[in-house]
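Okay, so here's the structure we're looking at.
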Number of protein chains: 2
Amino acid sequence: MTPRITLEDVSKAAGVSKSTASLVVRGSSRIPESTAAKVRDAMDQLGYVYNRSAANLRQSRSMTIGLVVTEIINPYFAELAMAVDEITHDAGYTIFIGYSRDLADRQHEIIASMIERQVDGLLLLPAPDTDPQKLAKQVNAAGVPLALLARRFPGFDYVGSNNVKGATLLGEHLAALGCRSVAFLGGRSASSLTEREEGLRKSLEPNGCEVWSSDELRSPITPEGGSDAVSRLFDLGRLPDAIIAYNDIVAQGIYDEMRRRGLEPGRDIAVASFDDTRIAAGQVPPLTSVAGFPQQVGAKGAEMLMTRLADGNADIPTQLALIQPQLKIRSSTATWRTRT
Amino acid sequence: MTPRITLEDVSKAAGVSKSTASLVVRGSSRIPESTAAKVRDAMDQLGYVYNRSAANLRQSRSMTIGLVVTEIINPYFAELAMAVDEITHDAGYTIFIGYSRDLADRQHEIIASMIERQVDGLLLLPAPDTDPQKLAKQVNAAGVPLALLARRFPGFDYVGSNNVKGATLLGEHLAALGCRSVAFLGGRSASSLTEREEGLRKSLEPNGCEVWSSDELRSPITPEGGSDAVSRLFDLGRLPDAIIAYNDIVAQGIYDEMRRRGLEPGRDIAVASFDDTRIAAGQVPPLTSVAGFPQQVGAKGAEMLMTRLADGNADIPTQLALIQPQLKIRSSTATWRTRT
DNA sequence: CTGAAAGCGCTTACAG
DNA sequence: CTGAAAGCGCTTACAG
C-alpha cells in the first residue's frame, strides 16, 4: 500500500499552506482562483482522496444519518427506506442502515453502534416491544435527534399514516356492505395496531357491526402469522362476515389458510387489509387495502429530521405529521354479499 | 447541550491515565479487574459514549462497509441486502447503504462518498452501464477492497448465480415440452443477461428451438419494461412458443401485456423467468422461474469481503463464487401444450 | 501494570 | 489573502 496522501502533501506540492488547501477542498471563495487551481492540480496529480472522517472529528458532525427498520422484504419498508434515501442523499447525507427484525435488543444495539459512529440523526421504525424510556435515554445521552416512522411513542418526533382515519374509511365501507361482524387479525402491539383497531370500532360498532380483536388474534407480521391467526379465529367457532388483516403480508397467509379450510376469500368472507403494497393488487382476488403511502412517510420523516439538523436541534417542540390514507376497494370486499 | 464527555474526563474521574481508560474500553486483559471496574463506574456515572470515529482516525479502519444496490423494491435485491447485513452485523460492521437506481453516475457518486467516509470495504451490485476501468481506478486509488454481486466485470471479486447453468435447466425443460421458438425479453446489458442468453442458446438451439434475443427486446427491469418488450416482440409479427423474462419483475409486465392482447400466459404461450422471488409463485398462473438464491449471493459476498479485510487485503488473487440455481417448474410452463 | 507524549487528518481561530 | 499553531477524541509506542 502506498502511504495515504494527506492535505499536507497536497499543500506542499502546491506550495501553499495546509489551511489554504483545506479552504480549497471545501470550495471557499476566499481563495483566489489562481491559487485554487494550483491546489486542485496537485490533488489530481497525487490522487488525493478527502478524509471526511478526519474532518468530522474536528467539526463534530458526520453528514451521516442512521435508518433503522424492521426489514425490507416487506415492500412497505422497502419503499419507505428508498424515500428516506432520496431525500437525505440530496441533502448530502450518507445513510447507515440497520435491520432490527423487530427485536428491541437488536434495535438498541444497532442504535448504539450508529451513535458510536457519530450519526447526526436517527430515523427509526421502532420494534413493537421498544422501551420508550430506554430509547429516549439512549439518544438523549448522545444528543442525537431522532424521528419515529410508522409507529409512534409519545414524546418523539413522528411521521406515520393516519391509521384511525384509514381504518374508519375501511370500516364504513364494510358497514355499507352489510357486515355484521369483523375480525381484526395479526400484528403486534404498536401504535399502528391500536390506531387501526380504534378506527374500526369507531366506524363499525355504531353501525351494529361487532369488531373481534383480542390478544389471541395477534401474530407476527408474516404470512405464517396470518395463517395462524385465522386458525385461532376459526377455532373459536364463529365465522365473521369480514376479516381485516393488520397488513398485506398477514393477509397473504389469511388467503392461504382460508382456502385450506375450503373458504373462498371475497366470497365466503370478505377480506381487507392495510398498506396497499403491490402485494394487494396482485392477489387473487385482488385485495381491498388501505394505502399508507410509505414513500410519503419516509420522505416526510427525512425532511423532519433534516429540519432539526439544520436548526441545530434547537428548542423545536415535538413534531408530528400524519399522512392521509386512501381506501383502495377491490373485489375481496366489493364482490362479497351478505348471506340471506 | 452539555459538553461531550471524553475518555480524558473518564480517566480523571477514575483516577487513572487516558491510556488505561482506553485499554479498558476495548476490554484489554492487561488491566487488572480492580482498575477496570473503577473506570467502568466512571463511564456510567458520566454517561460516556465511545467515539468510534475518533478511534478510527487513529487506527485507520472504520468497521464500516458500503453496500450499493440498484434499489430494494425488487425482493431479489432486498433479500440480498438483508443477507449482507446478517453477516456483516455479526462481524461487528455497520453498513452504509446506497441505491444506484442503476445509474452509473449516481453509483460512482455514492461510492465516492462512502470512500470519503473511510469504508473498510465495498459490496456492489453494479449498474449495467458501469465503466469497469473507472470503477477499478476509483477503488484502487483509495485502496478499498470491493466485491461485485450478481453482475460481474473481469478483474473483480465476484459472487453471483450460475446463470448459464440456470438458463440451461430452463432451456432443457422448454425443449422437453416441445417448444420450437423462445423469445428472451427484458433486462439491460450485464453479465447476468449475457450468461442467461448463453445458457438458453446452449440448451435450446441444439434441440431445434430458435432463441430470439435482440437489442430491441431489452428493457428496464420493471413491469412496464416487460410490457413494452412484449409489444415490440408482437410487432415483429411472429409469436413464439415461449417467452422467457429476464426476471420476475419483467414477467409481471409480460403477463399483463399478453392479456391486454387476448393471450393467456401458460396456455397460449408458455412463460418463465429468473430469480424466483416471492412474486413468481404468487402469479396467476404460478410462474416457472429459476431460483437465484439472493440470500446466498449476499451472504457469500459478505464473507468474501470479510476474508479480504481479515487478510489485510493481501495478495489474494481475484475470488469468484457461483451459487447453484434451481429450476422451479410451475404451471406457466407445465400446462402449456404444443399446438398441433 | 500505568503514564506522558506524539500522532491519525482534518478545521478553526488568530496573526500578519 | 495566507500561514503557524492548537485541537477534535481517540490509540500507540515507549518509558518507567
Side-chain angles (χ1 to χ4, degrees), chain A residues 1-39 42-43 46-64 113 115-120 141-143, chain B residues 1-40 42-43 46-64 113 115-120 142-143:
Chain A
M1 291 278 73
T2 46
R4 162 181 276 293
I5 310 295
T6 74
L7 215 41
E8 174 135 37
D9 301 322
V10 172
S11 62
K12 276 186 184 143
V16 301
S17 78
K18 225 170 48 161
S19 355
T20 303
S22 173
L23 260 358
V24 174
V25 190
R26 287 172 293 147
S28 163
S29 54
R30 282 167 45 198
I31 307 294
E33 186 44 38
S34 54
T35 314
K38 277 193 300 189
V39 175
M43 285 169 47
L46 299 171
Y48 172 70
V49 345
Y50 184 55
N51 184 335
R52 184 178 295 270
S53 305
N56 291 340
L57 179 57
R58 186 60 230 261
Q59 297 181 119
S60 49
R61 56 178 249 173
S62 63
M63 290 308 282
T64 275
S113 86
I115 287 177
E116 281 189 354
R117 286 172 172 83
Q118 307 301 113
V119 288
D120 290 336
Chain B
M1 291 279 73
T2 47
R4 162 180 276 296
I5 311 295
T6 74
L7 214 42
E8 172 135 39
D9 302 323
V10 172
S11 62
K12 275 184 184 146
V16 301
S17 80
K18 228 169 46 159
S19 355
T20 303
S22 174
L23 261 358
V24 174
V25 189
R26 286 172 293 147
S28 164
S29 54
R30 282 168 44 197
I31 307 294
E33 187 43 38
S34 54
T35 313
K38 277 192 301 187
V39 174
R40 269 187 243 106
M43 284 170 47
L46 299 171
Y48 173 70
V49 346
Y50 183 55
N51 184 336
R52 183 179 296 269
S53 306
N56 291 340
L57 179 56
R58 187 61 228 262
Q59 298 181 118
S60 49
R61 55 179 253 174
S62 63
M63 291 306 283
T64 274
S113 86
I115 288 177
E116 282 190 353
R117 286 174 173 83
Q118 308 299 114
V119 288
D120 290 337

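In what follows, every chain begins at residue 1, and chains take the letters A, B, ... in the order their sequences are listed.
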The reported gap from CD1 in B:I31 to CZ in B:R26 (rounded to nearest 0.5 angstrom) is 9.5 Å
All heavy atoms of A:S62 vs all of A:R52, minimum pair found to be O-CD, 4.4 Å
Regarding the side chain of A:R26, the nearest nucleotide among D:dT11, C:dC10, C:dT11 is C:dT11
Here the gap from A:Q118 atom CD to A:S60 atom OG, rounded to the nearest 0.5 Å, amounts to 8.5 Å
Among the nucleotides C:dC10, D:dT12, C:dG3, whichever has the atom closest to the side chain of B:Q59 is D:dT12
Whole-Å distance, B:L23 CG to C:dC1 C1', equals 10 Å
Answer for the Watson-Crick or wobble partner of C:dA13, both distances under 3.5 Å, is none
Ranking C:dT11, C:dG3, D:dG3 by distance to the side chain of A:V16, first place goes to D:dG3
Atom CD of B:E8 and atom C1' of C:dA6 are separated, to the nearest Å, by 14 Å
The residue, B:G15 or B:R58, whose nearest nucleotide of DNA chain C is more 5′ is B:G15
Rounded to whole Å, the CZ-P distance (B:R4 to D:dG9) equals 6 Å
The nucleotide from D:dT2, D:dT11, C:dT2 with an atom nearest the side chain of B:P32 is C:dT2
Side-chain atoms of A:K18 come closest, of D:dA13, D:dT2, C:dC10, to C:dC10
A:N51 atom CG is separated from C:dT11 atom P, nearest whole Å, by 9 Å
(message) Can you see whether A:S19 engages A:S22 through a side-chain donor-acceptor pair at a distance of less than 3.5 angstrom?
(response) no
Of D:dG9, C:dC10, D:dT11, the nucleotide closest to the side chain of A:A54 is C:dC10
As its Watson-Crick or G-U partner within any shown strand, both distances under 3.5 Å, D:dA4 has none
Out of D:dC10, D:dG3, C:dT2, minimum distance to the side chain of A:T20 belongs to D:dG3
Of C:dG3, D:dT12, D:dG9, the nucleotide closest to the side chain of B:S22 is D:dT12
Separation of C:dC10 atom P from B:R117 atom CZ, nearest Å, is 14 Å
Check whether any side-chain nitrogen or oxygen of A:T35 sits under 4.0 Å from OP1 or OP2 of D:dT2, and answer yes or no.
yes
Winner on side-chain proximity to B:S19, out of C:dC8, D:dT11, C:dA5, is C:dA5
Rounded to whole Å, NZ of A:K12 lies from P of C:dG9 at a distance of 12 Å
Here the distance between atom P of D:dG9 and atom CG of A:N56, to the nearest Å, is 13 Å
Does B:R117 use its side chain to pair, donor to acceptor, with the backbone of A:M63 at less than 3.5 Å? yes
Between CG of A:L46 and C1' of C:dG9 the distance, given in whole Å, is 15 Å
Does a nitrogen or oxygen in the side chain of B:S17 sit under 4.0 Å from OP1 or OP2 of C:dG3?
yes
(Q) If we ignore hydrogens and angles and just use 3.5 Å, is the side chain of B:D120 paired with the main-chain N or O of B:R61 as donor and acceptor? (A) no
